[in-house]
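Counting convention: from 1, in listed order, for ligands and their atoms alike.
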Amino acid sequence: METEVQEKIWLSSPHMGSSEQMYVRQAFDSNWIAPLGPNVTGFEKDIEDYIGDEVHATCLSSGTGAIHLALELLKVGLGDEVLCQSFTFAASANPITYLGAKPVFIDSEQETWNISPELLETAIMDRINLGKKPKAIIAVHLYGMPYKVDEITAISRKYDIPVIEDSAEALGSVYEGVRCGSFGDISILSFNGNKIITTSGGGALLSKDKLITDKAVFLATQARDNAPHYQHSHIGYNYRMSNVLAGIGRGQMEVLPERVRARRNNFLFYKENLSSISGLSFLEDSKGSFSNRWLTCVLTSSYETRERIRIALDNENIESRPLWKPMHMQPVFKGAVNYTNGVSEDLFNRGLCLPSGSNLEQEDLERICNIIKTNFND
Ligand SMILES: *Cc1c(COP(=O)(O)O)cnc(C)c1O
């Protein structure tokens with residue numbers, strides 16, 4: 001009998017390249033341990049060059065902080081309403097409440113699992129009729145799959161409501177030849193430990209408007225006025241990225257294309273090995289979209305099957321996770337206005353995120369597939 005516990009397989013774990021320690025050492029050698037410094041500037045330039053499309057970047061301490069600043073820069077305040085994709089991680093929505101504003105949650109469409117353009121427009125017309133024109137739209141490229149950029153941007157322009165593009169999970173994804181991170185009036189990235197690249201913790205705020213990213217720097221560094229003494233005429237935050245962590249980011253940017261390739265190969269492996277199971281399906285790339293496949297997600301036939309697979313994997317020391325629980329179903333957002341169609345609730349009930357790290361071995365993937373195959377049939 002084999003009783004030995006197999007090494008844990010994580011959903012998505014950090015995967016360092018070969019240059020991170022060199023950049024971190026440079027920070028130590030030059031005593032740039034403070035926030036700001038050459039690594040921050042270098043990392044920002046790397047991000048700008050990678051995303052292209054004349055985007056400017058400001059590195060921050062987290063993606064959540066970036067969304068907070070984005071909302072503030074769009075002048076969201078007490079009592080305002082912000083439209084937010086319901087099917088997402090709570091960090092997309094939490095900052096709305098930091099400003100005393102109210103989230104209005106919008107359900108998803110089937111094709112990309114992201115914010116439904118139809119429901120978004122219904123909600124906007126409804127809120128305007130009620131005399132509460134929303135101040136912003138938060139759209140998310142969930143699991144790396146681009147949302148319907150053309151449709152959402154058109155609605156944003158039609159009603160003159162700016163978009164915050166939550167690209168926390170989509171660095172490396174592309175929509176019609178243009179990289180995610182360049183589609184919002186303001187866009188955000190995350191470099192948290194489980195994302196496609198990581199600085200252990202960190203984020204960025206992006207915009208084509210340099211006034212916006214400069215203002216983000218100002219707010220993120222305690223909103224100091226231009227004076228020799230410390231003078232303040234705004235409330236500020238301490239949200240800037242540390243120069244040590246930005247060194248990790250510079251190293252990670254060198255391997256980002258490899259990381260995207262590895263995650264996409266995971267997806268292809270799962271698809272090849274599992275798509276013969278009837279009742280199991282994958283989220284396919286939609287027209288014009290290239291997903292970084294941050295996480296590979298499968299839809300099973302029922303909640304019971306999903307749970308059986310998840311528990312079987314867990315028993316073998318393999319981490320998997322149900323898809324995000326929609327915000328309109330979260331206890332903390334009970335009572336929030338929502339426009340729903342049942343799509344995200346169904347995805348939550350039947351869907352599972354499979355281990356998707358760029359550091360998975362072929363034999364890990366084989367093991368996972370075998371467990372899924374033996375536990376699927378009901
Ligand atoms: C990770 C994540 C965030 C928050 O980023 P942090 O850097 O962890 O604060 C926001 N939105 C989505 C969709 C995320 O996955």
Checklist entry - Taking the six-membered ring for Trp, is the centroid-to-centroid distance between Phe43 and Phe191 below 6.0 Å? => result yes
Checklist entry - Is it the case that Arg264 places NZ or CZ above or below the six-membered ring of Phe290, under 6.0 angstrom from the centre and within 45 degrees of the axis? => result yes
Next on the checklist: Is the ring pair Phe183/His141 parallel, tilted or perpendicular, if the boundaries are 30 and 60 degrees?
Outcome noted: perpendicular
Checklist entry - Which residues pass the side-chain contact (heavy atoms from CB on, under 4.5 Å) test with Ala312, sequence neighbours left out? => result Ile371, Asn375
Checklist entry - Among all residues two or more places apart in sequence or in another chain, which pass the salt bridge (Lys or Arg N to Asp or Glu O under 4.0 Å) test with Glu121? => result Lys158
Checklist outcome for this item: Lining ligand 1 at under 4.0 Å, by non-hydrogen atom distance, are residues Ser62, Gly63, Thr64, Thr88, Phe89, Ala91, Ser92, Val140, Asp166, Ala168, Glu169, Ser190, Asn192, Lys195, Gly202
Checklist outcome for this item: Arg259 meets the salt bridge (Lys or Arg N to Asp or Glu O under 4.0 Å) criterion, sequence neighbours left out, with none
